[in-house]
Protein chains: 2
Amino acid sequence: MPKLGMEPIRKAALVKATIVEIGRSGSLDVTVSQIAKRAGMSSALAHHYFGGKEAMFLAAMRHVLSLYGAEVRGALLAVDGPEQRLMAILRASFSPANFRREVVGAWLNFYVLAQTVPEARRLLAVYQRRLRSNLLFCLRPLVDDRAGAVADGLGALIDGVYLREALKGGTPDGGAAVATVLTYLDRQMKGAGA
Amino acid sequence: MPKLGMEPIRKAALVKATIVEIGRSGSLDVTVSQIAKRAGMSSALAHHYFGGKEAMFLAAMRHVLSLYGAEVRGALLAVDGPEQRLMAILRASFSPANFRREVVGAWLNFYVLAQTVPEARRLLAVYQRRLRSNLLFCLRPLVDDRAGAVADGLGALIDGVYLREALKGGTPDGGAAVATVLTYLDRQMKGAGA
DNA sequence: AAGTTTATTGACTCGTCAATCAACAAAAAA
DNA sequence: TTTTTTGTTGATTGACGAGTCAATAAACTT
């Protein structure tokens, strides 16, 4: 049965399964066998392709981060002007996709991982820098010299609002999350409302 | 050797040891034996007093939360007036104590726990409600009808700034965290600077 | 003194799991 | 066609860990 060129297919399946299992259990306390089973293969094969559990976690983290990045980039393509771009970033950050159980589980556990696994911390830092850079680009025309400070606050606010909305219980409300952030933003710009 | 009245002493020691071990490992992946050993007793005794690992985690969470609450209450006693009280809350939230490795570890892992353990979620909600109530009390004189929205944003911002500062790498800088939040606050009040 | 409650642990059970390996199967290269 | 590379798994190893239990001991009660 063995067809060639399976490696990328298997790896992708394992990454997806890893994220689903983290979401299911809510923690990194998932076994390689669980993941492999969900991905439709033996645990031995998972080890064969990834070498170990931590490598699987990191690959999953990269995947979640890159999905988020793609969502933001896609949203930015559809709009024009600083205010519109800011709104697009917010909507993408608080989209239903990002509040799915497994994505929330992934993020929270990546924070935990970032405490002790340098590569995880690095990936998180990359994400934060990119977000900051996107925000700065929008904010400079709007608040000029205060852009740096506003971007720092806005980035942290996005994380904090996401955290609270994700852990609030009940159905997360991306719209409410966007609104909370806008309350902040409105006051940061002199007189221009979005 | 057995002296009577050991229960509270043992429990307190176990709670402390639990927090230290979570900080050491950065995760909830700590064994009862590790905790018990650090607390100077056998693992059987830990089970005897707490019944299981999850109960120990929840007790640890209650402890961290109550320490934070006490710190805020203490800081509030020393000041007067809404602005001063706000500053006190911020300083307490970003105090060096809260950036100690084991406290950061506890918070991050409590977030993870809150996904799946209802009691953990409840405790987190209690903390957030209390913070909100404290903020509201300060904000009403300052921003009146907008107090609700500002308190929501401010609460999330505090969480987000804490998260970033804690995971940033290097020595966390509580002062910078306070400053970031103040950038937000200043603009939320009409014209009154702290 | 006899009985009860509280404190305490070593040893054990039962289960789990990451990682390895030998072996088998099929495609590609030689 | 033989050989090599790639894909794949069942079985095994070796370790660890949560929770239980029987047994011991000191302190209180009657």
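Note that this is a predicted model, so its numbers are computed, not measured. Chain A is the first sequence line, chain B the second, and so forth, proteins listed ahead of strands; every chain is numbered from 1.
- Distance from the side chain of B/Glu7 is smallest to C/dA7 among C/dA18, C/dA7, D/dT20.
- Not a single donor-acceptor pair under 3.5 Å links the side chain of B/Gln188 to the backbone N or O of B/Val150.
- Looking at the side chain of A/Lys53, the nearest of the listed nucleotides C/dA19, D/dG7, D/dC21 is C/dA19.
- Atom NE2 of B/His48 and atom C1' of D/dA22 are 14 Å apart (whole Å).
- When rounded to the nearest whole Å, the span between CD of A/Glu54 and C1' of C/dA19 equals 15 Å.
- Per the geometry, NE2 belonging to B/His47 stands 18 Å off P belonging to C/dC12, to the nearest Å.
- Within the nucleic acid shown, B/Gly51 has no heavy atom closer than 4.0 Å to any nucleic acid atom.
- Listed by first then second residue, pairs satisfying salt bridge (Lys or Arg N to Asp or Glu O under 4.0 Å) with a partner in residues 15-25 of chain A read A/Glu21-A/Arg24, A/Glu21-A/Arg38, not counting sequence neighbours.
- A/Leu45 places its CG atom 18 Å from the P atom of C/dC24, with the value rounded to the nearest Å.
- Annotation: salt bridge (Lys or Arg N to Asp or Glu O under 4.0 Å) contacts involving residues 51-76 of chain B, sequence neighbours excluded, comprise B/Arg62-B/Glu119.
- Atom pair A/Phe50:CZ and C/dT20:P shows a separation of 16 Å (rounding to whole Å applied).
- Hydrophobic clustering keeps A/Leu67 apart from A/Ile22 (ILVMFWY residues linked when any side-chain heavy atoms are closer than 4.5 Å, directly or through intermediates).
- The CG-C1' distance, from B/Leu4 to D/dT29, rounds to 12 Å in whole Å.
- Taking 4.0 angstrom as the limit, B/Arg10 places none of its side-chain polar atoms (N or O) nearer than this to OP1 or OP2 of C/dT6.
- Partners of B/Glu102 by salt bridge (Lys or Arg N to Asp or Glu O under 4.0 Å), not counting sequence neighbours, listed by chain and number: B/Arg100.
- Here C/dC17 is the nucleotide among D/dG7, C/dC17, D/dA18 with the atom lying nearest to any side-chain atom of A/Gln34.
- Within residues 22-31 of chain B, no residue has any heavy atom closer than 4.0 Å to DNA chain C.
- The separation between B/Lys11 atom NZ and C/dT6 atom P is 13 Å, rounded to whole Å.
- The shortest side-chain heavy-atom distance between A/Ile89 and A/Leu131 falls under the 4.5 Å cut-off.
- Taking the six-membered ring where the residue is Trp, the centroids of A/Tyr127 and A/Tyr68 are separated by under 6.0 Å.
- Distance, A/Met56 CE to C/dC17 P: 14 Å, rounded to whole Å.
- Residues satisfying the side chain to side chain donor-acceptor pair (under 3.5 Å) test with B/Arg164, not counting sequence neighbours, are A/Asp159.
- Checked by atom type and distance alone, the side chain of B/Glu165 pairs as donor or acceptor with a backbone atom of B/Asp173 at under 3.5 Å.
- Within residues 35-42 of chain B, the residues having any heavy atom closer than 4.0 Å to DNA chain C are, in order of number, B/Met41, B/Ser42.
- Put simply, A/Tyr49 has no side-chain N or O that comes within less than 4.0 Å of OP1 or OP2 on D/dT6.
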